[in-house]
Amino acid sequence: MFNALDQLDYKLRLSLVPGTKLSEASRAFSIKSEVGMYVDGDSTEINLFFPDSAEQSRELRMFLQEFDAVEKNGLWRVKRPIRESLAFFRTVKSILEVPSAVLVGSWLSDGVHRMEFIFHGSDALKVSDILLRQLPDAGNASIEYFGRSEGLRNILSSIDARTPISVMELELTPPEDELTPIRNPVGDSWTRMLKISSGSQYIQAVYFTSRRPRESKGITTIVDGEIYEAATENAYVSYINGKMNAERIFSLMRFHEFNKPSFSGYMILPTFFVNEFLHIVASSAGDMKEWRPVIKSLVSYREWMSSLEEVEK
């Protein structure tokens with residue numbers, strides 16, 4: 001799987017000092033969090049979390065009340081619509097419209113919001129053009145890195161060093177109507193990486209396949225015969241997205257593999273959220289029983305890497 005995904009061989013890291021109440025609280029109270037981004041049409045929400053503790057100050061608790069934060073299972077969760085730094089997030093959306101671009105990291109630390117993207121080198125000129133045209137108008141935004149990617153394993157290891165992460169593999173059996181060209185435009189054998197992991201109305205993904213897909217106006221060719229971009233719908237993924245957004249939990253990356261009829265989904269998420277995500281999968285077994293979800297594995301990121309290395313020996 002990593003051999004396919006690492007064809008996205010360039011990386012971009014942007015940073016922003018928003019100067020908002022939320023970012024200032026991050027700096028003042030040393031709040032550090034991965035950030036989930038949920039896109040619904042023209043609106044965008046961000047989610048962040050951090051542990052509850054008895055030592056938290058009165059000022060922080062007042063701030064949390066102001067921001068409609070929710071405490072559950074020992075974690076504070078903050079969900080905020082984007083109403084500030086609009087030029088920066090327009091730039092982010094423009095980058096994600098580049099065919100091979102995928103968001104692989106978003107985190108807040110000491111008042112600075114950083115976002116990382118990977119993309120194929122053939123799209124580097126498009127990304128550069130967006131940055132040169134839009135970033136100067138994006139306030140306190142900077143390019144921290146633009147160049148060759150060190151590979152997805154190293155990117156995931158960096159996330160795990162900030163926030164412990166876990167990996168769940170689900171095996172699903174798609175109903176027949178999910179195998180039609182409209183729902184499955186790239187054919188019967190592929191690996192895909194979702195461009196925004198936390199969720200949106202549609203699945204927008206970069207596909208890797210050794211088989212040329214059927215002709216379709218909904219497919220953008222990135223590398224002919226190998227890498228494509230496509231948007232589609234999936235009832236199971238939409239169900240999971242809706243439940244996660246309602247519970248204010250999010251994933252960090254998602255990969256899917258399909259070799260008809262076998263469909264596997266890999267969810268990379270903060271370990272803090274594992275038990276809650278298990279409850280969502282359990283509810284899907286009843287609400288979406290036609291998909292027949294089966295948990296194949298649920299392990300820490302390091303255990304997952306060790307198992308992959310054993311397989312590769």
Side-chain angles (χ1 to χ4, degrees), residues 8-39 44-51 67 76-98 100-119 124 127-128 130-132 134-165 193-199 250-254 268-270 272-273 301:
L8 304 184
D9 54 349
Y10 267 68
K11 187 178 84 169
L12 166 69
R13 182 170 64 250
L14 299 178
S15 66
L16 174 71
V17 183
T20 61
K21 285 186 177 181
L22 185 57
S23 65
E24 287 302 302
S26 164
R27 183 184 56 78
F29 301 115
S30 299
I31 295 172
K32 297 175 172 60
S33 174
E34 304 302 312
V35 177
M37 189 167 75
Y38 186 88
V39 178
T44 302
E45 290 182 342
I46 59 170
N47 291 267
L48 61 133
F49 68 95
F50 54 95
F67 276 78
W76 285 104
R77 301 120 192 272
V78 179
K79 181 162 68 172
R80 299 292 296 168
I82 296 297
R83 297 195 180 101
E84 297 150 316
S85 305
L86 296 178
F88 177 78
F89 281 95
R90 279 195 294 268
T91 303
V92 167
K93 286 186 176 181
S94 294
I95 292 167
L96 288 170
E97 288 169 2
V98 170
S100 66
V102 174
L103 178 65
V104 293
S106 180
W107 67 100
L108 184 67
S109 178
D110 297 325
V112 182
H113 187 179
R114 292 180 171 86
M115 304 185 82
E116 284 191 342
F117 310 81
I118 55 174
F119 52 94
V127 175
S128 172
I130 290 167
L131 295 173
L132 292 174
Q134 298 188 27
L135 204 62
D137 298 324
N140 295 320
S142 302
I143 300 171
E144 291 193 348
Y145 183 88
F146 186 122
R148 301 287 294 192
S149 171
E150 71 271 40
L152 198 56
R153 292 183 198 226
N154 287 325
I155 292 171
L156 283 165
S157 293
S158 295
I159 296 172
D160 189 58
R162 294 193 305 264
T163 302
I165 56 178
M193 187 174 187
L194 273 60
K195 291 169 74 74
I196 304 175
S197 176
S198 295
F250 54 87
S251 59
L252 302 173
M253 291 186 207
R254 287 194 228 182
I268 314 288
L269 69 163
F272 294 113
F273 292 146
Y301 167 72

**Prompt:** Mind checking whether W76 and I31 have side chains closer than 4.5 Å, heavy atoms only?
**Reply:** no
**Request:** Indicate the atoms forming the closest heavy-atom contact of V102 with L194, along with that distance.
**Result:** CG1-O, 3.4 Å
**Request:** Quickly, which of M115, H113, E116 forms a side chain to side chain contact (heavy atoms under 4.5 Å, CB included) with W107? Name it, please.
**Result:** E116
**Request:** Please tell me if the side chains of F119 and L12 come closer than 4.5 Å, counting only heavy atoms from C-beta onward.
**Result:** yes
**Message:** Quick check for you: to the nearest 0.5 Å, what is the distance between I143 atom CD1 and S128 atom OG?
**Reply:** 7.5 Å
**Prompt:** Taking atom OG of S15 and atom OH of Y145, what is their separation to the nearest 0.5 Å?
**Reply:** 15.5 Å
**Request:** Measure across I155 and S149 and return the closest heavy-atom pair with its distance rounded to 0.1 Å.
**Result:** CD1-OG, 3.9 Å
**Complete:** Separation between OG1 (T44) and CD1 (I82), nearest 0.5 Å, reads 6.5 Å
**For the student: nearest non-hydrogen atoms of S197 and S251, plus distance** = OG-OG, 2.6 Å
**Asked** Roughly how far apart are L96 CG and I196 CD1, rounded to 0.5 Å?
**Response** 5.0 Å
**Item:** Minimum heavy-atom distance between E34 and I159, given as atom pair plus value
**Value:** OE1-CG2, 4.2 Å
**Nearest-0.5 Å distance, NZ of residue K93 to CG of residue L103** = 13.0 Å
**Prompt:** Nearest heavy-atom pair of S94 and I130: which atoms, and what distance?
**Reply:** O-CD1, 3.4 Å
**Item:** Residues F29, F50; criterion ring-ring contact (aromatic ring centres under 6.0 Å, His included); working and verdict
**Value:** CA-CA 11 Å; F29 301 115; F50 54 95; 9.0 Å; no
**Request:** Indicate yes or no: at least one non-hydrogen side-chain atom of V78 is less than 4.5 angstrom from one of N47.
**Result:** no
**Asked** Under 4.5 Å between any side-chain heavy atoms of L252 and Y301, yes or no?
**Response** no
**Message:** Any non-hydrogen side-chain atom of T91 less than 4.5 Å from a side-chain atom of D137?
**Reply:** no
**Message:** Quick one, L108 and I46 - any side-chain contact, counting heavy atoms below 4.5 Å?
**Reply:** no
**Worked verdict on L14 versus I95 for side chain to side chain contact (heavy atoms under 4.5 Å, CB included)** = CA-CA 11 Å; L14 299 178; I95 292 167; 3.9 Å; yes
**Prompt:** Are any side-chain N or O atoms of S26 and backbone N or O atoms of G111, one a donor and one an acceptor, separated by less than 3.5 Å?
**Reply:** yes
**Request:** Taking all heavy atoms of F272 and all of P51, pick out the closest pair and write down the distance.
**Result:** CZ-CG, 4.5 Å
**Message:** Less than 4.5 Å apart, side chain to side chain, heavy atoms only: is that true for F117 and Y10?
**Reply:** no
**Item:** Ring-ring centroid check F250 Y38, cutoff 6.0 Å
**Value:** no
**Complete:** salt bridge (Lys or Arg N to Asp or Glu O under 4.0 Å) pairs touching residues 103-112, sequence neighbours excluded, are K32-D110
**Asked** To the nearest 0.5 Å, what is the distance between CG (L269) and CD1 (I165)?
**Response** 9.0 Å
